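For reference, the structure is listed below as structure tokens.
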Amino acid sequence: MTQRVCLVHYHEIGLKGKNRSTFENQLVRNLRRALRGHGAADVRRVSGHLLVSFADGQATIEHAHVIAQVPGVARVSLAYQCGLDEDAYCAAAVQALREAGEFESFKVHARRSATTYELHTLDIHRLVGGVLCEAFPDKRVRMRDPDVTVFVLVVQGSVYVYAASLVGVGGLPVGTAGKVVTLLSSGFDSPVATWMVGRRGATCVPLHFSGRPMTSDASEWLCQDIVQALAPAGLVGRLYVVPFGERQREISLAVPQSLRIITYRRVMLAVAERLAHLEGAKALVTGESLGQVASQTLENIAAVNEVVSLPVLRPLIGSDKLEIMRRAEQIGTHEISSQSAEDCCTLFMPRRPETHARIEAVHEAWDAFDHEAMIDGLVDSIEYVDYDQCPSYRPPKEMRARHRELAPAVPRLA
Ligand code: ATP
Ligand code: MG
């Protein structure tokens, strides 16, 4: 019986040798999680691909769209799965070509990984090609650069036939590159930065500084919505939130106005590093892009960076705002980030922030308040929300008891 399945293709890069099965197994786990609630019956490896089948035997284009968002997926094809019966797979080829949209030329590409099947690839080309020429008499067969290629894949007792594929996000499966703490605001940049390191295989632990109690908790809701928007990619298992408003007020009273932002940032990064140690994360991530705003000059980046010893990854450092906004659209965070919410960044802002901070002045400001005690206090006041989206996320044991959960009710966007 012919069924519809999703055939998942991944890049061969980095899959050689011993890494290959780790990569594939993680991708299988991540796909299972992404498809939970979509009726996926089975995800398994077949001959250099992953095969996703459904309880009712009817994979749909919506399923393919979900799969395409999972890091590690290069392409996904909505394929027909037939037995070795020639009539059945030829009929599937006609159907697949019919669904391929507008085209003038086509070719058949067959591959066999079952050597027990008596037809060789050339025979399959001839057989399926002949049937397609009869079904589409006004179309041309073209071996170089055809508009559509009909793939016929013979694997064990099955034949998979497809003519169209969706492009996936590529990258590597989340959980194959270790853990990072990402500094997440509700702006456009940091959700994109988080997604980008997640797409390279990192399990992401976002940390948000809210202006609470000096501002509302609106930015916290937006960050929760951002984490939910990123759900199909499966990057995030837990969102941490630190209420920072009170401490910002203390900083604003203690340090020169022009150095407030740099000082807030130093505290934020120091807290992020402490969290990274608790979480076993090996790097920090920010959404900074060179020169975009006052705090993102080379001098200021250096002045903030020196408080931590973990590497700080800045995946957007060379991107411009339009590219970032386009990516935000694609990953589904643009609309959420368009909503303005006060967070710690809008609180106690100086009229003229320093753009080229002198490091001596920064150190003087840093020593004007008990920064160690403040960092300890902030780490102790961390709150979190858990998400069941990321199979590779393991929470640190010692934090489970110490920290309370945020209210789980997430206001939905209109
Ligand atoms: P974004 O769009 O990510 O908010 P931005 O262009 O507004 O970035 P800044 O406000 O200078 O730039 O922030 C630079 C980076 O610092 C952010 O990308 C993010 O990684 C981190 N950051 C800023 N505000 C917060 C916050 N409230 N909580 C956690 N991290 C933050
Ligand atoms: Mg911001």
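Predicted model, so just to flag it, every value in this text is computed and none were measured. Every number for a ligand or one of its atoms is a count from 1 in the order of the listing.
At least one heavy atom of L207 lies less than 4.0 angstrom from ligand 1.
Defined by atom type and a distance below 3.5 Å, a donor-acceptor pair is missing between the side-chain atoms of D225 and W221.
When side chains are defined from C-beta on, D56 does not count as touching Q3, because their heavy atoms never get closer than 4.5 Å. Inter-residue side-chain proximity for F188 and L316 is flagged as unmet; no heavy-atom pair is nearer than 4.5 Å.
Distances between N or O atoms of F209 and those of ligand 1 include at least one value under 3.5 Å. Some N or O of G287 is nearer than 3.5 Å to an N or O of ligand 1, by distance alone.
Residue T286 approaches ligand 1 through these ligand atoms, each under 4.0 Å from one of its heavy atoms: 20 (O). The atoms of ligand 1 that sit less than 4.0 Å from any heavy atom of L183 are 19 (C), 20 (O), 21 (C), 29 (C), 30 (N).
Among all heavy-atom pairs drawn from D145 and S105, the shortest one is O-OG, 4.4 Å.
Counting only non-hydrogen atoms, the option in G187, S210, S185 that gets closest to atom 4 (O) of ligand 1 is S185. Around atom 10 (O) of ligand 1, the closest heavy atom drawn from M268, E220, K321, R265 belongs to R265.
Checked against the 6.0 Å centroid criterion, the rings of H63 and F54 qualify as a close aromatic pair.
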Can you give the donor-acceptor pairs under 3.5 Å from side chains of residues 171-179 to other protein atoms, not counting sequence neighbours?
residue : atom : partner : partner atom : Å
T176    : OG1  : P173    : O            : 2.7
K179    : NZ   : E279    : O            : 2.8
K179    : NZ   : E279    : OE1          : 2.5
K179    : NZ   : R394    : O            : 2.9

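At a heavy-atom cutoff of 4.0 Å, ligand 1 is contacted by the backbone of L184 but not by its side chain.
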